[in-house]
Amino acid sequence: MADEDFKRLSAKAYEISGIVLGDQKKELVYSRISRRIRKLGLKNFSEYCQHLEANHTAEVNEFVNSITTNLTSFFRESHHFEYLAKEIIPHWKKQNKSIPIRIWSSACSTGPEPYSIAITLHKNMMVKQHNIKILATDLDSDVLKKGREGIYPLTEIEQLPKDYLSCFQQNATTGMGMVKPEIKEMIQFNRLNLLGPWPMNAKFDVIFCRNVVIYFNKETQKELFERLADQLNDGGYLFIGHSETLHGMTSRFESKGRTIYKKIR
Ligand SMILES: C[S@@+](CC[C@H](N)C(=O)[O-])C[C@H]1O[C@@H](n2cnc3c(N)ncnc32)[C@H](O)[C@@H]1O
């Protein structure tokens, strides 16, 4: 892959997704795009760039799916779920049951994040008595498919507390665990580019935007945090990833502790 080809691919990635592909990502791009080149029967990276730049919707989609990093796990950064259970849910339990509760997992990857949210709610409040909606979105259509299926290797869930394991139908023969329907039905999975238009009308009480802005530059992060503030109800919460910060980005939140922010204006 010539430097020029890598530059063209990086420019395309940035244009579509905001993802900045630095030089350290060259090898990753090489191996992932080589697969696409073989599959399409193209000769080299330069031909692939031409194909991509012609903006064939299907290939743009495949390209984006190839360059995203989808690492995730159930109850990752568990203090967020503890905060949800101890500080936020008790307040929801006291409020009028007809008031909708809306939560957005905005870069949900294969689903462990929104399912961890749903399990936390299910274990700590009478979810059926409330009007709860969890929206789970991602740019990558492959991960959304996995999220909708809700089937995970038992190795990814067996470390969870026993109480949480009861939210999965476990199959020792296949080595897989399926999220039970009562948890699944709390979540709506949709494709959404954080950099594009957001079709949601209603605002959210909590937004999880974790481990995604690290792939964006500072300008993109600033714009995104402003939009996330606009999309939150007053007093709503934003949870970000362990290596991310709002410091120097926006003044619309107050810190509530480790990577937990409350909207103040
Ligand atoms: C490392 S995963 C984080 C998953 C989960 N939030 C967590 O913390 O475990 C980052 C996710 O961000 C998604 N992503 C990257 N750029 C995006 C964009 N512009 N819009 C929406 N999602 C994006 C990727 O597809 C990937 O699934």
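In this text, all values refer to a predicted model and were calculated from it rather than measured experimentally. Numbering of ligands and ligand atoms starts at 1, following listing order. Both backbone and side-chain heavy atoms feed into the values below; hydrogens, waters and symmetry mates do not.
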For atom 14 (N) of ligand 1, the closest protein heavy atom turns out to be V212 CG2, 3.6 Å

What residue and atom, counting heavy atoms only, is the protein's closest point to atom 11 (C) of ligand 1, and at what distance?
-> D138 OD2, 3.7 Å

Would you mind listing which atoms of ligand 1 come within a distance below 4.0 Å of any non-hydrogen atom of T68?
-> 24 (C), 25 (O)

Report the relative orientation of the aromatic rings in F75 and F81; use parallel for angles under 30°, tilted for 30 to 60°, perpendicular for over 60°.
-> perpendicular

Which of parallel (below 30°), tilted (30 to 60°) and perpendicular (above 60°) describes Y261 and F253?
-> perpendicular

For D140, take its heavy atoms, then give the atoms of ligand 1 lying under 4.0 Å from any of them.
-> 25 (O)

Is Y152 reaching over with its side chain to a backbone N or O of V179, donor-acceptor style, under 3.5 angstrom?
-> no

Between the main-chain N or O of P153 and the side-chain N or O of E156, is there a donor-acceptor pair closer than 3.5 Å?
-> no

Any nitrogen or oxygen of L194, main chain or side chain, under 3.5 Å from a nitrogen or oxygen of ligand 1?
-> yes

Do any N/O atoms on S73 end up under 3.5 angstrom from N/O atoms on ligand 1?
-> no

Salt bridge flag under 4.0 Å for residues K26 and D3 = yes

Shortest protein contact, atom 8 (O) of ligand 1 (heavy atom only) = N211 ND2, 2.8 Å

Does I19, backbone or side chain, put an N or O under 3.5 Å from an N or O of ligand 1?
-> no

Test: R252 and E226 ion pair at under 4.0 Å | yes

Spacing of CD1 belonging to I33 relative to CD belonging to E62, to within rounding of 0.5 Å | 9.5 Å

Would you mind running through ligand 1 and noting each atom that sits below 4.0 Å from a heavy atom of T69?
-> 1 (C), 2 (S), 10 (C), 11 (C), 26 (C)

Does S17 have a non-hydrogen atom less than 4.0 Å from ligand 1?
-> yes

Protein contact to atom 9 (O) of ligand 1 [nearest heavy atom, distance to 0.1 Å] = T72 OG1, 2.6 Å

Less than 3.5 Å between some nitrogen or oxygen of R76 and one of ligand 1, yes or no?
-> yes

For ligand 1, which atoms, with element, lie under 4.0 Å from some heavy atom of L71?
-> 1 (C), 2 (S), 3 (C), 4 (C), 9 (O)

K123/E182 salt bridge by N-O under 4.0 Å criterion = no

Does even one non-hydrogen atom of F216 get within less than 4.0 Å of ligand 1?
-> yes

Hey, looking at atom 5 (C) of ligand 1, which of A107, G111, C209, S109 has the closest heavy atom?
-> A107

Taking the inter-plane angle between the rings of H80 and F239 on a 0 to 90° scale, is it parallel (under 30°), tilted (30 to 60°) or perpendicular (over 60°)?
-> parallel

Quick check: does any side chain N or O of N217 sit under 3.5 Å from a backbone N or O of V20, one acting as donor and the other as acceptor?
-> no

May I ask whether T137 places a heavy atom under 4.0 Å from ligand 1?
-> no

Is there a side-chain contact between K203 and R102, using heavy atoms and a 4.5 Å cut-off?
-> no

In terms of atom number and element, which parts of ligand 1 are under 4.0 angstrom from non-hydrogen atoms of L139?
-> 17 (C), 18 (C), 19 (N), 20 (N), 21 (C), 22 (N), 23 (C)

Under 4.0 Å from a heavy atom of L192: give me the atoms of ligand 1 that qualify, with their elements.
-> 20 (N), 21 (C)

Closest candidate by heavy atom, reference atom 3 (C) of ligand 1, pool E244, R210, E113 = R210

Can K12 and E15 be counted as an ion pair, charged N to O under 4.0 angstrom?
-> yes

